[in-house]
Each structure stands twice: as structure tokens, then as C-alpha cells.
Amino acid sequence: MNFNFTKSFCGFSFVLFILTFQNCSKARFVADVNAEALSSLTTNGNGDDGNCRPNAMTTNKIIKVLFVVDTSGSNGGATATDLNKKWRSATITNFMQQYSGKSNFYYGLITFQGNSAQGQIMVNGTPGFSNDMNVVDSGYANFLATPDSGSTPYKAALSMAKNIISADFMENASQNASYVMVMVSDGQAKDYKSPDEVIPDAKALTAVAPGQVSLNSVYYYSTILDDSQTLYLRNISSVGGGSFIIANSNEVLSINDTIQLPPSSCH
């Protein structure tokens with residue numbers, strides 16, 4: 001599978017992103033995250049780590065990664081957390097570059113802002129997963145062209161994520177795919193009244209494909225870390241058996257620090 005970052009993903013601009021983000025990952029794991037499964041690549045001989053999670057780099061399972069990306073107004077402006085999508089772009093492209101040779105990886109992309117969420121990678125006119133990199137490139141270009149504006153509608157984003165995963169699971173149940181949602185945001189939800197309100201929706205999302213979905217989340221900030229804004233994302237990853245990470249948008253985040261695959265059998 002060809003994946004040329006100097007030609008795809010808006011070409012020259014991405015070369016600049018990759019050159020800018022060459023320092024090592026400094027993502028900060030919090031106490032309620034089992035970081036060992038992410039930072040250690042030791043396996044039990046079956047391609048799994050000690051927690052029975054497949055090694056993403058070596059597994060032959062079909063992995064469907066759904067990026068759910070905040071495009072609210074706080075990313076730009078005078079107090080920007082990620083001006084011109086520099087950090088979000090580098091984070092996603094670093095991942096795709098690393099896994100570009102793996103045909104068992106499929107990608108989906110949702111952006112959310114204002115009062116709604118938008119599917120960006122379209123398959124036959126419907127938001128979904130694709131491993132056709134021309135389709136992925138087109139969806140990614142849509143993300144880059146989306147101005148950062150409005151508030152942060154987590155509920156709308158989780159609802160669309162549920163719809164995309166549910167539809168794919170019903171159509172492709174025989175694939176026995178692992179679904180990995182990575183939700184990336186710089187602020188707290190505006191369409192829930194409290195962090196606990198996100199829990200039922202996160203549970204409903206994992207229930208569409210029991211044992212095959214993990215929910216992972218990243219809170220990013222620029223200069224001021226407001227821990228109170230992380231509570232929604234913490235609850236999502238806790239319910240979804242994934243990782244929660246706090247990252248500074250001035251530093252690169254290795255996507256391997258972000259994703260936990262659903263556990264597999266340890267027979």
C-alpha cells in the first residue's frame with residue numbers, strides 16, 4: 001500500500017509538520033491509566049502484551065481506528081491551544097505514516113464543533129472506515145479545511161461514533177475487527193451537564209460490538225493545564241477500557257502512547 005506524505009495530505013505543508021515534530025514524545029500518563037501496556041512492547045509469545053492486548057504493529061487482526069477530533073474555537077484565536085491544527089495534524093499523520101504499510105488498518109475520522117459532529121472519511125457517501133488511502137486522503141483534507149469554531153459537543157461526537165461503529169459491525173461482523181476510538185479534545189463537553197452524564201453514552205458505544213471496542217482519549221493544552229476539564233475524557237476512556245493521556249500541544253504525541261486495542265484471548 002503506497003502512502004507518500006510528500007504527495008498526499010496537502011503535500012508540502014505536511015513535510016513541514018513532520019520536520020517540526022521530531023522530538024521524543026512527552027505525553028503524560030495519569031495515575032488511572034495502565035501505561036505499561038502502551039509503553040512496553042514485551043509480549044507473551046502470541047503477539048500480545050501482558051494484559052492480553054494485541055501488539056498493534058505486529059497483529060494481523062483487522063484494526064479500525066476512529067479519530068474523533070475537536071475542531072472547536074478554542075483551538076485558535078488569541079489563546080489558541082493548537083493554531084492552524086499543527087499539533088492535531090502532526091499527531092494523526094505520524095500515526096498513519098508509521099502504520100501505512102499495514103493493509104489490516106482502516107481509518108475513520110469525525111470532527112466536532114458547535115452543536116454537531118461531522119464524518120470526514122466517507123465510504124459510498126456515508127461516514128465509515130476505509131483502507132483506501134485516496135479515500136482517507138480526501139477525508140483528511142476535509143478535516144484540514146474545517147475552520148476551528150464554536151463549542152465542544154461531546155454528546156454529538158459520541159453519537160456519531162456509535163453510529164459509524166455500529167453500522168460497520170453489522171455489515172462486517174465476520175471480520176471480527178477491533179474498533180479503536182481515539183477522542184482528542186482541548187476542553188470539556190458543552191452538551192453534558194456533568195462528567196458522569198457521559199458514562200451511559202460511552203457504555204452504549206462499547207456495547208455495539210461487545211469485547212471489540214476500546215475508547216481512548218487525549219486532553220491537550222498549550223500553556224495552562226486545567227485538570228477539571230479532563231473529567232469527561234477520563235470517564236470515556238475508563239468506561240471504554242482504553243488510555244487517557246494529557247499532552248502539551250507544543251510537543252509531539254506518539255500515537256502509540258494513545259491507543260490500546262481491545263484485549264484478546266490469552267489461550
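Just so it is clear, the model here is predicted, and its values are computed rather than measured. Counting from 1, the numbers follow the sequence of the chain as shown. Side chains included, hydrogens not; waters and symmetry mates left out as well; all remaining heavy atoms used.
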Side chains of Tyr179 and Asp168: any donor to acceptor distance under 3.5 Å? yes
Please check if any side-chain donor atom of Asp132 sits under 3.5 Å from a side-chain acceptor atom of Tyr107, or the reverse. no
Go through the side-chain N and O atoms of Gln113 and Thr71 and say whether any donor and acceptor fall under 3.5 Å apart. yes
Test ring-ring contact (aromatic ring centres under 6.0 Å, His included) applied to Tyr106 - qualifying residues, sequence neighbours left out: none
Can you confirm whether Leu66 sits close enough to Leu109 that some side-chain heavy atom of one is under 4.5 Å from a side-chain heavy atom of the other? no
Are Val213 and Leu205 close enough that some pair of their side-chain heavy atoms sits under 4.5 Å apart? yes
State, to 0.1 Å, how close Ser243 and Ser237 come at their nearest heavy-atom pair, and which atoms those are. O-CB, 3.4 Å
Which pair of non-hydrogen atoms, one from Phe105 and one from Asn131, has the smallest distance, and what is that distance? O-CB, 3.2 Å
Looking only at heavy atoms, the pair that brings Pro262 and Ser178 closest together is CD-CB, 3.7 Å
Checking Asp70 against Ser72: is there a side-chain donor and acceptor pair closer than 3.5 Å? yes
Between Arg88 and Asp82, what is the shortest heavy-atom contact and its length? NE-OD2, 2.6 Å
Does Lys85 qualify as a cation-pi partner of Phe143, given the criterion of NZ or CZ under 6.0 Å from the six-membered ring centre and within 45 degrees of its axis? yes
Is a donor from one side chain sitting under 3.5 angstrom from an acceptor on the other, for Thr126 and Asn124? no
Would you name the heavy atoms of Val208 and Phe169 that are closest together and state the gap between them? O-CD2, 3.3 Å
Does some side-chain heavy atom of Val136 sit less than 4.5 Å from a side-chain heavy atom of Asn134? no
Do Ile236 and Met181 have side-chain heavy atoms sitting under 4.5 Å apart? yes
Please set out all donor-acceptor pairs under 3.5 angstrom arising from side-chain atoms of residues 152-160, sequence neighbours excluded.
from   : atom 1 : to     : atom 2 : distance (Å)
Tyr154 : OH     : Ser185 : OG     : 2.9
Tyr154 : OH     : Gly187 : O      : 2.5
Lys155 : NZ     : Asp201 : OD2    : 2.9

Heavy-atom closest pair, residues Phe112 and Met183: CZ-CE, 3.8 Å
